Amino acid sequence: MNFIKRLFTTTPVATKTGIVFIVEDNPAYAQSLSAFIKSDFPQAKEVKIFPVGEPCIAELDRKPDVIIIDY
């Protein structure tokens with residue numbers, strides 16, 4: 001998860017939204033990944049889980065900082 005740490009520390013603050021999208025069809029894994037991000041990265045203001053990609057695409061206008069797809 002170093003890429004998330006780098007994202008939150010190297011990107012200018014003005015361009016960060018603090019939003020992380022997770023696209024994962026395994027609900028247990030998605031929840032554990034979400035819990036990990038929320039506990040280890042307080043800069044992540046919102047972590048949203050999508051079971052499939054289409055709803056995620058529909059919300060791209062929210063400009064998430066990172067999208068994790070089937071990690």
Side-chain angles (χ1 to χ4, degrees):
M1 290 300 181
N2 271 344
F3 68 94
I4 295 176
K5 186 178 229 174
R6 281 190 307 242
L7 173 77
F8 283 122
T9 58
T10 60
T11 307
V13 174
T15 61
K16 296 179 189 176
T17 61
I19 299 172
V20 177
F21 285 176
I22 299 172
V23 181
E24 177 60 56
D25 57 353
N26 181 328
Y29 184 70
Q31 288 296 329
S32 65
L33 185 57
S34 174
F36 170 75
I37 292 170
K38 288 176 183 176
S39 69
D40 284 15
F41 300 97
Q43 307 92 327
K45 298 174 188 153
E46 179 184 354
V47 178
K48 185 153 184 181
I49 298 171
F50 300 92
V52 293
E54 288 82 5
C56 175
I57 291 171
E59 292 198 35
L60 286 178
D61 62 324
R62 298 185 61 210
K63 298 183 177 141
D65 290 322
V66 66
I67 302 172
I68 302 170
I69 301 173
D70 280 332
Y71 186 73

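Remember, it's a predicted structure, so these values are computed and weren't measured experimentally.
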Within this structure, what is the [atom1]-[atom2] distance for the pair [X] and [Y], rounded to the nearest 0.5 Å?
{"X": "Gln31", "Y": "Asn26", "atom1": "CD", "atom2": "CG", "value": "10.5 Å"}
{"X": "Ile49", "Y": "Glu24", "atom1": "CD1", "atom2": "CD", "value": "9.0 Å"}
{"X": "Tyr29", "Y": "Asp70", "atom1": "OH", "atom2": "CG", "value": "9.5 Å"}
{"X": "Glu59", "Y": "Lys48", "atom1": "CD", "atom2": "NZ", "value": "3.5 Å"}
{"X": "Lys38", "Y": "Glu46", "atom1": "NZ", "atom2": "CD", "value": "8.5 Å"}

So, Thr17 side chain and Lys63 main chain: donor-acceptor pair closer than 3.5 Å or not?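 Answer holds: yes.
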Please report the shortest heavy-atom distance between [X] and [Y], naming the atom on each side.
{"X": "Arg62", "Y": "Ile19", "value": "O-CD1, 3.7 Å"}
{"X": "Ile22", "Y": "Ala30", "value": "CD1-O, 4.2 Å"}
{"X": "Cys56", "Y": "Phe50", "value": "N-CD2, 3.6 Å"}
{"X": "Pro64", "Y": "Leu60", "value": "CD-O, 3.9 Å"}
{"X": "Asp65", "Y": "Gly18", "value": "OD2-N, 2.6 Å"}
{"X": "Val23", "Y": "Gly53", "value": "CG1-N, 3.8 Å"}

